[in-house]
There are 2 protein chains.
Amino acid sequence: MAKQTKPLVTLRKSPTQARAQETVDTILEASAQILQKDGEGALTTNRIAEHAGFSIGTLYQYFPNRDAILAAMASREQAHILGKLEAVLARLDPADPEPMVREAVRALLGAFRGRHGVRRAVILSVMRRLPDGPLASAGVAEPLLAALEARNAGRVAPLGEAGGFVLLRAITGAVRAAAIERSPLLGTPAFEDALVRLVMGMLRPTTGPAVAAAQPAGGA
Amino acid sequence: MAKQTKPLVTLRKSPTQARAQETVDTILEASAQILQKDGEGALTTNRIAEHAGFSIGTLYQYFPNRDAILAAMASREQAHILGKLEAVLARLDPADPEPMVREAVRALLGAFRGRHGVRRAVILSVMRRLPDGPLASAGVAEPLLAALEARNAGRVAPLGEAGGFVLLRAITGAVRAAAIERSPLLGTPAFEDALVRLVMGMLRPTTGPAVAAAQPAGGA
DNA sequence: GGAGAAAGCCGAGCAACGCTCAGATATTGG
DNA sequence: CCAATATCTGAGCGTTGCTCGGCTTTCTCC
C-alpha cells in the first residue's frame, strides 16, 4: 500500500515549463474571446480547447473543471483591481475623505472598462462560489474604511460591522449591476459622482431627524 | 402547407384546467425543495420531474427549458416583493422621508426571510437574464424616488438618472449580497439601520466640496 | 349515459455536454 | 544518440437537457 507522491487526489499539474504556462494563457484567452463573441452559453470545454488549438485532454491537465476556467479569469481580474486600488490608496491621505473616496471609486471603475461580454460572465461566476469574490475585495476595502474612520473621528460616523458590510456590497453591487446590465452609464462622470455621493453620504455623520436648512443649491 | 394556428413556435401551453395549474405548482415546489436540500447543482430536469411525481415530458409542456423554471420562481418572488412594497408605500407620506425609507427597507428585508437555499439560486438566475430582474424593481422604486424628490425639494437633493440607478442597485446589491453570502446580518436591526443610513445619506443634500466645516466636530 | 374532442400525461431515446485515461509526442540532460 | 520527464492527444463514457409519438383523463354536448 505504499502510496506515491501523487496517488489519489489527481491534482492538476501547475505549469513548470514556459510552454505550459503559454498553454494556460492561451486557454484563458480563448475562453475570453468565446465569451466576448458568443456569450456564456457558447463556452463549452470542447469549444475552448478547439479554439485554443489544443485537445480537450490538455485543457483538463490544468483546470479540474469548466468552472475553474472562469474562476481563474476572475482571480486574475480581481488581483488586477486590488493592485490598482492598493496603489491609489497608498499615496493618499485618509484625513481628507472625499478625494480618497473619489480616487478609489475611479480606480474601481477603471478596471471595468472594455471586454464587457467577458466581465459579465466572470462576475456571475464569482457570485456562484461564495467565499472568494466579496471577501477578496473586503481585504482592501476594510482596512481602507478603518483608516478613514480612525483618522476622521467626529467628521465621519463609525460604520460598525453592518455599516461596513452594506457600504462595501452597495458599491460593488452598483458597479456590477452596471456591468451586468451593460448600462451606458458605466463610463460617465455622472456615474462616478453618484458613487462618490453614495459613499460620502453614508460616511457623513447623521444629524438626527433632518438636515433641512443645509444648502439650497444641490449639485447642478 | 396551410399553417395552423400554432404551427412553428411550439409555444408552451398555459395551464387551463385546474389539474394543470396544480401540476405547475407541484413542479415549482419540487424545484424549491431540491434547491433547498441539495443546491443548484442537483436541480436537473429529470430529478425535478421525478421528485414532483411527473414524467419529464409533462415538465416540458409548461416550461420551455430548465432556466424557465428558475425564471418562474423568480417571477413569483418578485411579484410578491413588489406587492408588499406597493402596499407599504401607498399609505405613507413622502413628505417625511425617513419613515418612508425605513418602511420600504423593512418590507424589502421581510421578503428575504426563510428558504435561503432557494433564494440564492433564484437571485443568480435573475441576474443571468438581463432585462427582467433589475428593471422590475425599478418599476416601483423609481416612482417612489420621484415622489420623494418632488415633495421634498430643498430638503432632498435630486438624484438624476445616475443617482437613481446607483441608489437602487446599491440597495438591492447589498441585500442580495447578504442573501447570497448567507450573512448572519440579514435578520438583524443593525442591517436595517445600515440600509436606511445608506439611502438617507444619499438623499441628503451635498454641501459642496467637503463636509468638514458643516458640523464643528461634535465629539472626540 | 355515451361518444368524440380537447387537454393533459408518459418515457424511450437523441444530441451535446463535461470529463477520463491509455498512450503518442515533445523537451531536457547526459 | 538515448532515457527520463513533461506535455499533449482524442475516442469514448456517463449524464444532461430536451423531443416526439402515442396513451389516458377530463370536458362537452346530445
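Below, chain A is the first sequence line, B the second, and so on; all start at residue 1.
In this model, the phosphate group of dC9(C) is approached by a side-chain N or O of Tyr62(B) to a distance below 4.0 Å at OP1 or OP2. Contact between the side-chain N/O atoms of Thr45(A) and the OP1/OP2 oxygens of dG18(C) is found at a separation under 4.0 Å. The side chain of Thr44(B) contributes no N or O atom lying less than 4.0 Å from OP1 or OP2 of dT15(D). The phosphate of dG8(C) has neither OP1 nor OP2 within less than 4.0 Å of any side-chain N or O from Thr58(B).
The side chain of Arg66(A) lies closest to dC19(C) when the candidates are dT7(D), dC19(C), dC9(C). Nearest nucleotide to the Ser55(A) side chain, out of dT26(D), dT9(D), dC18(D): dT9(D). When distances are taken from the side chain of Ala20(A) to each of dT7(D), dC9(C), dA12(C), the shortest belongs to dT7(D).
Residue Asn46(B) is classed as a base contact, given a heavy-atom separation below 4.0 Å to a base. Using a 4.0 Å heavy-atom cutoff across all strands shown, Phe63(A) reaches no nucleic acid atom at all.
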Show me the donor-acceptor pairs within less than 3.5 Å that the side chains of residues 46-56 of chain B make with the rest of the protein, sequence neighbours left out.
unit_1, atom_1, unit_2, atom_2, d
Arg47(B), NH2, Asp38(B), OD2, 2.5
Ser55(B), OG, Gly57(B), N, 3.0

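Atoms CZ and OG1, from Arg169(A) and Thr172(B) in turn, are 14.5 Å apart once rounded to the nearest 0.5 Å.
Here Glu77(B) does not pair with Arg120(B) in a salt bridge; the nearest charged N to carboxylate O distance is not below 4.0 Å.
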